[in-house]
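The model shown is predicted, which means the values in this text are computed figures rather than measured ones.
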Amino acid sequence: MQKNLVIVESPAKAKTIEKFLGKDFKVLSSYGHIRDLKKKQFSIDIEDDFKPHYEIPVDKKKIVTQLKEEAEKAETVWLASDEDREGEAIAWHLYEVLKLKPEQTKRIVFHEITKGAILKAIENPRNIDINLVDAQQARRILDRIVGFELSPVLWKKVKPALSAGRVQSVAVRLIVEREREIHAFRTEAAYRVTAIFLVSDADGKLIEMKAELARRIKTKAEAQKFLESCKSSTFTINDINTRPLKKTPAAPFTTSTLQQEAARKLGFTVAQTMMVAQRLYESGNITYMRTDSVNLSEYAVNGSKEAITHLMGERYVFPRHFATKTKGAQEAHEAIRPTYMENAKIEGTAQERKLYDLIWKRTIASQMADAEVEKTTVSISISNAPDTFTATGEVVKFDGFLRVYRESYDDDVEMQEDEAHLLPPLAKGQELQYADITATERFTQHPPRYTEASLVRKLEELGIGRPSTYAPTISTIQQREYVVKGEKPGEERTYDVLTLKDDQITDTARTEITGAEKSKLLPTDTGMVVNDFLIEYFPNILDYNFTANVEKQFDEIAEGDKQWTDILRTFYDHFHPSVESTLAAKNAHKAGERILGTEPATGKQVSVKIGRFGPVAQIGTSEDEEKPRFAQLGKDMSLETITLEEALELFKLPRNLGEYEDKMVTIGAGRFGPYILYNRTYVSLPKTMDPMTVTLEEAVVLLQQKQEEEAKRHLKKFEEEPDLEIINGRYGPYIAYKGGNYKIPKDIVPQDLSLTACLEIVKLQSEKEANKPKRGTRAAARTTKTSKAATSKKTKASTTKTTAKK
């Protein structure tokens with residue numbers, strides 16, 4: 001009988017832990033949750049106090065059987081899943097499913113996968129914390145209720161196959177509201193005035209010093225007038241202010257700040273960051289990566305001190321203790337940091353090394369001395385105007401933590417001038433000569449669209465979601481196509497530049513591209529319609545305060561202050577009646593429908609709405625004698641902004657171009673964009689071609705290219721058997737026969753196959769499929785191997801016989 005069985009949720013984690021434990025310990029993985037709510041059923045008994053009905057998924061039954069067998073053989077079972085609510089729930093499900101006994105079961109937790117942490121956890125086991133389990137169950141069940149009850153409402157009122165989620169819907173709302181803010185934004189122009197003054201440096205050489213007017217000038221006429229006055233002005237330094245400044249390092253990483261900084265500095269998505277961090281944690285390189293805490297253990301503080309002293313000297317050391325501000329922070333009690341502070345580098349993939357380097361630098365910087373900076377501000381008066389110019393300079397006297405790490409920001413603000421430079425020697429009362437003074441027209445900027453990183457920050461600010469939910473939330477809203485990550489190309493804009501030089505004012509018009517954005521989260525039409533519908537009929541679900549309050553209630557359950565069933569009952573008693581009344585309501589128009597006007601030729605109503613395959617324009621209504629006509633909206637069009645004229649343009653397709661070889665060539669518009677139709681053959685029109693201007697000759701070229709591709713694809717046909725064909729597919733040649741596809745062995749030349757040989761391959765592979773045992777068994781592997789060999793052998797024989805006959 002084996003002494004100890006340790007169960008973790010990840011095979012990588014199991015492999016790392018096994019290194020630290022002796023021969024008396026066996027470490028196995030549960031591969032995440034072994035039990036969950038049934039996928040396609042509601043699985044919650046509302047009347048029986050929200051009792052959940054769990055099932056073991058088919059793909060986990062083998063694992064559960066193995067764990068049961070090993071648990072029965074062990075004297076002690078150690079449940080070592082992660083230390084957050086999800087990990088506690090995994091431990092509880094294991095306890096229940098494996099039918100473990102209290103006296104034989106011990107729950108252990110650790111924040112880092114090191115030998116010391118593992119052994120310490122084994123010395124201090126505890127019981128499963130049922131409060132944490134209840135908090136996880138409450139979240140899972142509440143989200144299941146919202147999803148299962150809201151989705152049918154969306155199917156009926158908006159579009160089939162839609163779904164809704166509590167946190168995801170709020171995230172979509174943030175993105176939709178930001179997009180509407182941008183559309184409503186009105187740009188205002190003002191003139192930014194900068195001057196270049198000529199000043200002698202320490203060697204008497206004239207150098208340029210840049211200064212900026214302390215205010216913006218509103219109109220071009222006012223800017224012109226100001227420059228005119230500068231012609232006869234005297235510019236005098238009336239004040240020089242030099243003061244020391246200190247810059248303090250940021251706190252070590254939490255889940256949220258790691259996701260944000262990895263997006264800015266490394267270009268990682270939120271999901272990518274969590275995947276790489278998970279691997280770093282499981283291989284023992286960093287501490288647990290789902291945490292709200294900025295606290296560092298004494299071990300980490302001391303390790304940082306030693307590393308800093310060794311690498312940079314004692315002057316750079318400044319130990320700090322950061323306090324977590326987030327109320328109800330995740331149960332992990334330490335920030336994300338390297339397991340061993342002395343390891344500045346690790347082995348691993350390029351992504352793992354980059355993320356580790358970021359974590360190491362942020363942690364080390366948090367324990368380093370402040371950067372000492374001297375900032376000089378020079379005020380320059382204008383003799384015949386009340387305005388002043390300001391010049392600033394900044395000199396780093398001691399780099400401190402900046403030697404290692406500088407935090408990034410993702411707000412798109414107007415590019416700031418680099419102030420980290422030294423000003424020349426200056427004196428109060430000194431007169432300055434200008435080289436030129438420029439008034440440049442600048443425009444106010446609309447609020448920036450959300451990136452994944454800035455959305456995480458906003459959700460955290462509002463108290464919505466927790467570290468474990470940010471990545472799946474952002475992935476889910478993109479998978480549901482409520483939001484896409486995309487680019488805005490920007491628009492060309494003209495701006496004025498007035499320059500005073502040598503007592504002459506020149507007026508120049510320049511152009512710039514404005515509004516260009518990359519990797520931003522953009523709401524789709526479907527996302528906007530679903531958002532508006534939910535706000536109208538389920539305002540509580542989309543309310544930021546309500547969603548944040550639910551998170552607080554989960555925290556209270558985790559702390560043992562509230563019963564999870566009471567919270568679910570209160571929620572359900574308000575939510576369910578809203579669902580029923582919304583389903584019963586009769587609406588005059590479909591959700592998201594917008595009437596644009598009438599078609600001039602027929603007088604029929606023109607509208608746009610969400611159709612079965614996305615946004616469509618419609619001419620006519622269901623009440624008309626004739627059926628309505630539909631046209632798919634282009635990718636660059638929106639239900640909210642499309643005009644009547646733009647909608648009518650969509651109905652100019654299909655468009656006949658003329659005949660080619662006695663058959664008509666037509667341009668049409670489909671779900672996936674414009675296409676060419678000829679003799680039942682469809683060819684997608686390239687994005688570079690306009691469906692309204694493409695010519696017959698251009699279309700014929702594309703048709704001929706398609707025919708050539710098809711000819712290369714169809715390798716061989718047989719007159720005796722029209723249903724059988726040898727095709728060159730994406731993954732290699734295969735036989736297509738009566739709706740089925742059959743692989744051709746690699747060592748056979750497809751063109752050499754006879755009809756008899758093809759039918760032999762079809763027969764052998766059909767028999768193999770019919771007799772195939774369950775996946776995952778050794779028998780299946782042997783059968784597959786034998787069948788492949790047999791197929792190859794028999795086909796070769798058949799090919800040889802046919803060749804001999806010929």
Side-chain angles (χ1 to χ4, degrees), residues 9 32-39 41-55 81-97 107 109 127-151 163-171 290 292 326-332 459-460 462-470 472-473 476 538 540-576 578-579:
E9 69 274 68
H33 280 279
I34 58 163
R35 193 169 69 161
D36 198 2
L37 296 172
K38 295 178 182 178
K39 269 193 174 179
Q41 296 177 32
F42 187 47
S43 301
I44 298 160
D45 192 337
I46 301 293
E47 301 306 318
D48 191 7
D49 237 1
F50 299 93
K51 183 180 177 181
H53 297 294
Y54 293 111
E55 69 170 359
S81 48
D82 291 337
E83 61 176 320
D84 56 12
R85 294 173 199 168
E86 209 68 33
E88 206 70 23
I90 289 172
W92 178 74
H93 283 297
L94 284 166
Y95 181 85
E96 294 283 311
V97 172
R107 169 80 170 117
V109 293
N127 294 323
I128 291 171
D129 188 336
I130 203 65
N131 292 328
L132 296 184
V133 176
D134 287 346
Q136 189 272 347
Q137 285 197 106
R139 175 191 285 277
R140 186 82 183 88
I141 291 168
L142 191 143
D143 288 347
R144 173 59 67 97
I145 290 169
V146 171
F148 262 69
E149 296 222 344
L150 273 189
S151 296
S163 58
R166 182 179 57 86
V167 177
Q168 295 94 322
S169 297
V170 176
R290 291 190 184 95
D292 279 339
T326 309
K327 190 180 185 302
Q330 199 77 4
E331 293 74 30
L459 290 169
E460 188 179 40
L462 294 170
I464 294 164
R466 286 295 179 262
S468 59
T469 65
Y470 299 136
T473 294
T476 300
F538 302 94
N540 269 6
I541 296 295
L542 272 288
D543 181 73
Y544 300 133
N545 292 328
F546 168 79
T547 311
N549 188 49
V550 169
E551 297 292 350
K552 287 178 187 172
Q553 290 178 326
F554 291 151
D555 293 337
E556 288 168 341
I557 295 167
E559 289 157 15
D561 296 334
K562 284 194 176 180
Q563 281 290 319
W564 67 283
T565 50
D566 293 345
I567 286 170
L568 289 176
R569 176 59 62 192
T570 303
F571 168 79
Y572 189 80
D573 288 348
H574 286 87
F575 174 66
H576 185 66
S578 300
V579 172

field: Contact check, side chains of Val146 and Phe571, non-hydrogen atoms, under 4.5 Å
entry: yes
query: Closest approach of Phe148 and Lys39, non-hydrogen atoms and distance?
result: CZ-O, 3.8 Å
field: Inter-residue atom distance Asp561.CG - Asp555.CG, 0.5 Å rounding
entry: 10.0 Å
message: Does this structure show an ion pair linking Asp573 with Arg569, if we count only N-O contacts that are shorter than 4.0 Å?
response: yes
query: Do the charged groups of Glu551 and Arg166 touch, with an N to O distance under 4.0 Å?
result: yes
message: So, taking the atom named NZ in Lys552 and the one named CG in Asn549, what distance separates them when rounded to the nearest 0.5 Å?
response: 6.0 Å
query: Any side-chain donor paired with an acceptor under 3.5 Å for His33 and Glu86?
result: yes
- line: Heavy-atom closest pair (Phe546 atom, Asn540 atom, distance to 0.1 Å) is CD2-O, 2.8 Å
- prompt: Are any non-hydrogen side-chain atoms of Arg290 and Arg466 less than 4.5 angstrom apart?
  reply: no
message: Using the ring pair (Phe, Tyr, Trp, His ring centres under 6.0 Å) criterion, which residues pair with Phe554? Sequence neighbours excluded.
response: none
field: Rounded distance (nearest 0.5 Å) linking atom CG of Leu132 with atom CG of Asp84
entry: 9.0 Å
- prompt: Side chains of Tyr95 and Ile128: does their closest heavy-atom pair fall under 4.5 Å?
  reply: yes
- prompt: Of all heavy-atom pairs between Val109 and Ser81, which one has the smallest distance, and what is that distance?
  reply: CG1-O, 4.4 Å
message: Using every non-hydrogen atom in the two residues, find where Ala135 and Ile557 come nearest and quote the distance to one decimal.
response: N-CG2, 3.5 Å
Heavy-atom donor-acceptor pair, Thr570 side chain to Asp566 backbone, under 3.5 Å: yes
query: Can you tell me how far the OH atom of Tyr572 sits from the CD1 atom of Ile145, to the nearest 0.5 Å?
result: 7.0 Å
message: If the condition is side chain to side chain donor-acceptor pair (under 3.5 Å), which residues does Thr473 pass it with, not counting sequence neighbours?
response: none
message: Quick check for you: to the nearest 0.5 Å, what is the distance between Gln168 atom CD and Asp143 atom CG?
response: 7.0 Å
- prompt: With a 4.5 Å limit on heavy-atom distance, are the side chains of Leu150 and Phe575 in contact?
  reply: yes
- prompt: Would you call Arg107-Asp129 a salt bridge at under 4.0 Å N-O?
  reply: no
field: Non-hydrogen side-chain atoms of Ile464 and Val167 separated by less than 4.5 Å
entry: yes
message: Quick one, Val579 and Phe538 - any side-chain contact, counting heavy atoms below 4.5 Å?
response: yes
- prompt: Taking the six-membered ring for Trp, are His93 and Tyr54 parallel (under 30°), tilted (30 to 60°) or perpendicular (over 60°)?
  reply: perpendicular
message: Using the salt bridge (charged side-chain N to carboxylate O under 4.0 Å, His left out) criterion, which residues pair with Asp48? Sequence neighbours excluded.
response: none
query: For the atom pair CG (Leu568) and CZ (Phe50), what is the distance rounded to the nearest 0.5 Å?
result: 5.5 Å
message: The criterion is salt bridge (charged side-chain N to carboxylate O under 4.0 Å, His left out); which residues satisfy it with Arg140, sequence neighbours excluded?
response: Asp36
- prompt: Do Val550 and Thr547 come close enough that some side-chain heavy atom pair is under 4.5 Å?
  reply: no
- prompt: Taking all atoms of both residues into account, what is the closest heavy-atom pair of Ile44 and Arg144, and its distance?
  reply: CD1-CG, 3.4 Å
message: Quick check on Gln563: does its CD atom have over 12 non-hydrogen neighbours (other residues, nucleotides or ligands) under 6.0 Å away?
response: no
task: Decide whether a cation-pi geometry holds between Arg35 and Trp92; the criteria are a distance under 6.0 Å from NZ or CZ to the six-membered ring centre and an angle within 45° of the ring axis.
output: yes
statement: Shortest non-hydrogen pair, Glu9 vs Ile90, comes out as CB-CD1, 4.1 Å
message: Restricting to side chain to side chain donor-acceptor pair (under 3.5 Å), what partner residues turn up for Asp134, sequence neighbours left out?
response: none
field: Contacts of His53 that satisfy side chain to side chain donor-acceptor pair (under 3.5 Å) - sequence neighbours left out
entry: none
- prompt: Can you find a heavy atom in the side chain of Glu88 that is under 4.5 Å from one in the side chain of Arg85?
  reply: no
